[in-house]
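Presented below is the structure to which this report refers.
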Protein chains: 2
Amino acid sequence: MTAPAPIPGEREPLGRRDYEKELRDAGVRITRPRRTILRILSETDDHPDALEIYRRAIRTDPSLSLSTVYRTMKLLEDRGAIQRHAFAGGPARFEQDHGAHHDHLIDIDTGDVIEFTSDKIEALQDEIARSLGYDIVHHRLELYGRKRRKR
Amino acid sequence: MTAPAPIPGEREPLGRRDYEKELRDAGVRITRPRRTILRILSETDDHPDALEIYRRAIRTDPSLSLSTVYRTMKLLEDRGAIQRHAFAGGPARFEQDHGAHHDHLIDIDTGDVIEFTSDKIEALQDEIARSLGYDIVHHRLELYGRKRRKR
DNA sequence: CTTTTAATTGCAAATAATTTGCAATTGCAT
DNA sequence: ATGCAATTGCAAATTATTTGCAATTAAAAG
């Protein structure tokens, strides 16, 4: 399958990592299910969970199984190709790792996820951890909010 | 594990909240299991999960069941008596709601939880959400770290 | 203090999300 | 093309939590 033509006006990442090549070079076999899943991840801008990835995947390859989705997510996470997020009260959701760290604002009404970054917050986090005698290995900052009503 | 240090001059709840009375006044029946669980929560400074609360509870009342722990946690959460935290990759952990909001630093080696607050971070979060057109309903800030080795 | 009765409980079974054992299949180096 | 270890699909297992239901119990009423 060829990648679909880019939709005019749609946001596209500037430089896209070639995960298929990266993985192959790392000695990972590129199988049909993996190719399918990688394509789905590269085509989406949202943060689908495993079941949603599975649903999209079987449109292309009906024999692909949910366990393979889970196994592949694990593999991709370990290789740094994707990020796993456990938002409040729901299944894990995934997104391609596009390099730049960011935090999330989750719309509690729709489940929509908006990404943001704040160097100031990052700096404050480091400062706090240091003052408590710790080094931060990773962190999780999630804002759960509701769209502000115009008034 | 560590409660936030009381800030001198700042208003703090004088004694502990009397949850038993609060709940009774709210029309909640005070049963043996509930009394047991409330006592366990009030006696601990850590963030136990449901199973751990259950284990501690059956030392007092061996007939108490895990489902009752879960049901009681739900009830207490709804009444604002406890807070539920879903730290990365594990079961929900609970703590009595002692009023003051705080965030958590989790020791990735031991599971220990250190509480902290930062007005600056809170303010920045509000600012970010507002700029994205949202009002924050709640948030989650967790730092996962490792104790700094002296050098 | 007994009666009354609806809330609560314990237990087992159900769910939800994810993982795993295993035999069959497949990528890819030869 | 061939061989074989990696990978897959499927079903069953696990983990965390919830729920249906009959039995029990708190607390209101008498």
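Protein chains get the first letters and strands the later ones, always in sequence-line order, with residue 1 at the start of each.
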Any N/O pairs under 3.5 Å between the protein and nucleotides 27-30 of chain D? List them or say none.
from, atom 1, to, atom 2, distance (Å)
D:dA27, OP1, B:Ile30, N, 2.9

Please identify each residue that fulfils side chain to side chain donor-acceptor pair (under 3.5 Å) with [X], with sequence neighbours left out.
X        : value
B:Asp25  : B:Lys21
B:Arg146 : B:Asp109
A:Thr117 : none
A:Arg34  : none

Notebook entry, point to check: For the helix from C:dC1-D:dG30 to C:dT30-D:dA1, what angle lies between the axis at the first five pairs and the axis at the last five pairs, to 10 degrees?
Noted result: 30°
Measure [atom1]/[X] against [atom2]/[N] and give the value in whole Å, please.
X       : N      : atom1 : atom2 : answer
B:Ile53 : D:dA16 : CD1   : P     : 14 Å
A:Glu20 : C:dC28 : CD    : P     : 9 Å
B:Glu77 : D:dT17 : CD    : C1'   : 13 Å
A:Arg34 : C:dC28 : CZ    : C1'   : 13 Å
A:Asp61 : D:dT7  : CG    : C1'   : 13 Å
B:Met73 : D:dT18 : CE    : P     : 11 Å
B:Glu52 : D:dT15 : CD    : C1'   : 17 Å
B:Leu75 : D:dT17 : CG    : C1'   : 16 Å

Item checked: Residue pairs passing the salt bridge (charged side-chain N to carboxylate O under 4.0 Å, His left out) test where at least one lies in residues 95-106 of chain B, sequence neighbours excluded -> none
Check: Partners of A:His85 by ring pair (Phe, Tyr, Trp, His ring centres under 6.0 Å), sequence neighbours excluded?
Finding: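 Only A:Phe87, A:His104 meet the ring pair (Phe, Tyr, Trp, His ring centres under 6.0 Å) criterion with A:His85.
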Next item on the list: Report the residues that fulfil ring pair (Phe, Tyr, Trp, His ring centres under 6.0 Å) with A:Tyr144, sequence neighbours left out, ordered by chain and then residue number.
Entry: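 Partners of A:Tyr144 by the ring pair (Phe, Tyr, Trp, His ring centres under 6.0 Å) criterion, ordered by chain and then number, come out as B:His138.
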Notebook entry, point to check: How is A:Leu64 classified with respect to the nucleic acid when contacts are heavy atoms under 4.0 Å: base, sugar-phosphate, or nothing?
Noted result: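 Sugar-phosphate only.
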Item checked: 5' precedence on DNA chain D between B:Arg32 and B:Gly90 (nearest-nucleotide basis) -> B:Gly90
Let me have the donor-acceptor pairs involving side chains of residues 122-135 of chain B, under 3.5 Å, with sequence neighbours excluded, atom names and distances please.
from, atom 1, to, atom 2, distance (Å)
B:Glu122, OE2, B:His101, NE2, 3.0
B:Gln125, OE1, B:His139, ND1, 3.3
B:Ser131, OG, B:Ile128, O, 2.8
B:Tyr134, OH, A:Asp107, OD2, 2.7
B:Asp135, OD1, A:Arg148, NH2, 3.0

Item checked: Check: A:Arg79 and A:Tyr19 side chains under 4.5 Å, non-hydrogen atoms ->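 No; the side chains remain at least 4.5 Å from each other.
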Notebook entry, point to check: Could you run down nucleotides 19-24 of chain C 5' to 3' and tag each one B, S or - for protein heavy-atom contact under 4.0 Å?
Noted result: BBB---
Side chains of residues 71-78 of chain B: which donor-acceptor pairs under 3.5 Å do they make with residues two or more places apart or in other chains?
from, atom 1, to, atom 2, distance (Å)
B:Thr72, OG1, B:Thr68, O, 2.7
B:Glu77, OE1, B:Arg84, NE, 2.9
B:Glu77, OE1, B:Arg84, NH2, 3.2

Checklist line | Modelled atom types, side-chain donor and acceptor of A:Arg39 and A:Thr60, under 3.5 Å | finding: yes
